[in-house]
Amino acid sequence: MKSVFTSLRMNMRITGRSLCFVWNASRRTMTAILFITFLLGMIVPVNTIIWSRFLNTLANINSDDRLSGVILWLALNCGIWVVNGILQKINKYYKDMQSDYVNLYITNMILEKINGLEIIHFDDPNVYDQINKVNSEALSRSISILNNLVSILQNSVILVGVIGIILLYKPTIIVLLILTFVPLLIINIKISSKLHTIYDSRLENLRLVTAIKSLMIRYENLKELKITQMGKELIQRVSNTYKKYLSEDRVIRKRNTTIQTFGDSIELITKFCFTLYIIMDCIKRKFSVGTIVMYINSIDNLMQAIGNMIVTFGNTYNDNLYMRTLFDFLDRETIPSVHGSEVSLTDFRNIRLHQVCFGYPKMDTYVLEDINLEIEAGKSYLIVGLNGSGKTTLIKVLSGLYEPSRGKILVDGVDIRAFSKNSYRGNFAVVFQDFIHYPMSVEDNIKFGKYEHKEHTARMYRAAEQSGAAKFIHKLPDAYQTQLQNEWSDGTEISVGQWQKLAITRAFFADAPITIMDEPTASLDPVAENEFYMGIEELIRSRTCIMISHRFTTAKLVDQIIVIDNHRIRECGSFEELMCSNGKFKELFTLQAEKYNLGDVVNEAKLSTH
Ligand SMILES: Nc1ncnc2c1ncn2[C@@H]1O[C@H](COP(=O)(O)OP(=O)(O)OP(=O)(O)O)[C@@H](O)[C@H]1O
């Protein structure tokens with residue numbers, strides 16, 4: 001019993017919060033809907049009375065002068081239906097508009113929340129399930145919540161009206177009728193709850209199916225899919241998942257249809273019994289035809305209103321299950337990225353990582369262990385190490401995307417936890433390995449590096465010259481205005497290396513105090529790579545720059561090389577120092593130089609270190 005009350009209280013709380021959402025989405029439209037719905041609800045009992053008057057007048061007709069009374073009641077009845085039709089149409093218009101407003105309101109809140117989440121939240125698969133659910137159902141739930149609200153209001157008004165009429169006749173009928181419907185209400189709620197649990201358990205698998213479907217229509221995936229001919233296998237996997245649920249759904253639907261048919265039959269039999277009782281009783285008490293019809297219609301309306309209310313409560317319960325997920329998601333605790341003091345690194349002296357350890361969630365080992373490192377303003381760094389050694393993780397921690405699990409990061413002695421995350425991150429321009437391909441124009445792809453400087457078009461041209469992107473951009477159909485990607489009208493596809501040049505240009509455009517590039521030349525041809533490094537010499541000298549690269553030709557350009565091995569910093573020093581120390585860097589460098597037949601470079605390095 002206690003759990004029923006807890007559940008009821010929780011549902012009422014959720015319904016209350018949902019109503020606030022609907023109300024806040026557009027108060028004006030909602031006021032119009034409430035007013036019209038109230039009028040529509042009033043029409044039913046009023047019309048019942050009018051119709052009974054009409055029948056009574058008709059039954060008593062015995063001279064011509066009574067005909068005008070009949071016509072009047074009939075005209076009133078007709079007028080009510082016309083008004084009813086007009087109000088229904090106006091209400092539909094407002095309801096459609098309000099559903100859109102609610103959808104927009106909820107979608108905005110979801111997106112704001114997603115935007116406010118930290119990367120660490122996205123390491124949890126439950127977050128994806130939650131986001132997928134709240135996103136995909138936002139529109140249908142907005143419509144449903146609104147319809148339920150309107151239905152509850154309209155049926156409440158009808159109930160009050162017809163209960164008023166029936167009270168004049170026999171109050172006990174109302175109690176009996178309501179009792180008949182209680183089991184139906186419970187069955188309805190049970191069905192909704194069960195369905196929700198079943199659908200919730202499918203979320204991750206359905207998300208996977210959606211991921212496979214979108215994978216199959218992504219342009220960059222097509223070539224590999226055609227060569228490997230894995231399309232059929234992917235279709236099979238999608239189809240198997242659906243088939244599994246289809247057979248589950250068949251059983252559920254069969255059972256629900258049986259229960260609902262049984263419920264409907266009970267409802268009809270109850271209605272027949274009450275109608276029969278009223279007719280017999282009214283004849284015995286010598287009531288007029290109009291009055292008998294009025295009571296029968298009232299019972300009919302009352303049953304219909306209660307039936308509607310039950311369906312609506314079932315739907316509301318269902319919506320509440322969705323809204324609970326939504327509210328849980330919106331209430332997820334996040335530290336606002338603007339929390340803390342502002343920081344600008346335009347004239348910082350150093351950033352120090354002090355005994356920093358970091359492990360991703362769900363991992364019981366550290367990816368970075370005991371990192372002690374000093375990044376000095378104006379110097380350039382190269383981070384090298386084997387795959388998976390923790391290089392990218394180091395820059396994610398350094399740029400404030402993840403907080404260290406242990407240890408601290410200090411800017412000129414001040415712990416970065418004192419700064420607002422947004423403000424601290426704003427000091428970095430980072431070219432990640434998996435940079436974004438914005439489905440927009442070249443100009444947008446560059447200016448998104450620092451959109452508050454979007455008016456600085458000369459800076460965009462300069463950045464494109466520095467990165468070496470300007471040459472290919474000029475050859476595009478609309479140069480900087482060219483829409484990128486084939487899947488959009490007038491879209492142009494560019495090569496992987498050209499995308500990379502755009503990502504680099506974006507970082508240059510940002511002109512941040514610290515520039516970080518993770519494998520910036522991975523997709524560039526040797527000429528482009530050479531041009532790139534010649535082009536960035538000035539950049540490297542003019543600001544703090546950190547690069548990650550497996551190509552050791554970069555090593556001589558930078559002030560310091562940081563060697564990460566097995567999640568720890570093993571060596572740190574200039575090219576000459578590391579070549580002297582006969583450590584990991586020299587081993588890797590020699591290996592690469594020999595492989596690419598760069599013997600001269602090795603010899604030169606050997607000479608310069610002696
Ligand atoms: N989001 C994540 N969640 C869990 N583990 C992760 C995550 N990102 C990376 N890792 C793990 O952390 C380790 C270090 O990854 P990282 O990307 O830092 O390596 P890297 O040195 O940059 O490698 P590469 O040279 O291949 O780019 C790897 O073992 C990787 O599997």
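Everything numeric in this text was worked out from a predicted model, so none of it was measured. Atoms within a ligand are numbered from 1 in the order they appear, just like the ligands themselves.
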A student comparing F122, Y360, Y366 should find that the heavy atom closest to atom 12 (O) of ligand 1 comes from Y360

Would you check the N or O atoms of M363, main chain and side chain alike, for any that come under 3.5 Å of an N or O of ligand 1?
no

Out of L394, L386, V367, V397, whose heavy atom sits nearest atom 13 (C) of ligand 1?
V367

Can you tell which of V384, N387, I395 gets a heavy atom nearest to atom 26 (O) of ligand 1?
N387

Protein heavy-atom contact under 4.0 Å for atom 10 (N) of ligand 1?
yes

Is the closest basic N to carboxylate O distance between K450 and D511 below 4.0 Å?
no

What residue and heavy atom of the protein are closest to atom 23 (O) of ligand 1, and at what distance?
G388 N, 2.9 Å

I need the full list of salt bridge (Lys or Arg N to Asp or Glu O under 4.0 Å) pairs touching residues 379-390, with sequence neighbours left out, sorted by first then second residue.
E376-K379

So is H550 in contact with ligand 1, going by heavy-atom distances below 4.0 Å?
yes

Below 3.5 Å, N or O to N or O, backbone or side chain included: is there any such pair between H567 and ligand 1?
no

Side chains of D565 and S389: donor-acceptor distance under 3.5 Å anywhere?
no

Please check if the side chain of S144 supplies one atom and the backbone of R141 the other of a donor-acceptor pair under 3.5 Å.
no

In terms of the angle between their ring planes, are H437 and W499 parallel, tilted or perpendicular, with boundaries placed at 30° and 60°?
tilted

Considering only heavy atoms of G390, which atoms of ligand 1 have at least one such atom less than 4.0 Å away?
14 (C), 18 (O), 19 (O), 20 (P), 21 (O)

Return all side-chain donor-acceptor pairs below 3.5 angstrom for residues 104-112, not counting sequence neighbours, or 'none' if the list is empty.
unit_1	atom_1	unit_2	atom_2	d
T107	OG1	N103	O	2.6
T107	OG1	N103	OD1	3.2

Heavy atom of protein closer than 4.0 angstrom to atom 30 (C) of ligand 1:
no

Residue of the set R237, Q236, Q229 for which side-chain hydrogen bond (donor to acceptor under 3.5 Å, both in side chains) holds with E233
R237

Parallel, tilted or perpendicular, as decided by the 30° and 60° cut-offs, for the rings of Y424 and F419:
parallel

Taking atom 1 (N) of ligand 1 as the reference point, the nearest protein heavy atom with its distance
D123 OD1, 3.0 Å

The protein heavy atom nearest to atom 27 (O) of ligand 1 is Q433 NE2, 2.9 Å

dist T241:OG1 -> L206:CG (nearest 0.5 Å) comes out at 8.0 Å

Starting from atom 25 (O) of ligand 1, which protein heavy atom do you reach first, and at what distance in Å?
K391 NZ, 2.7 Å

Pick whichever of T393, T392, L368 has a heavy atom sitting closest to atom 22 (O) of ligand 1.
T392

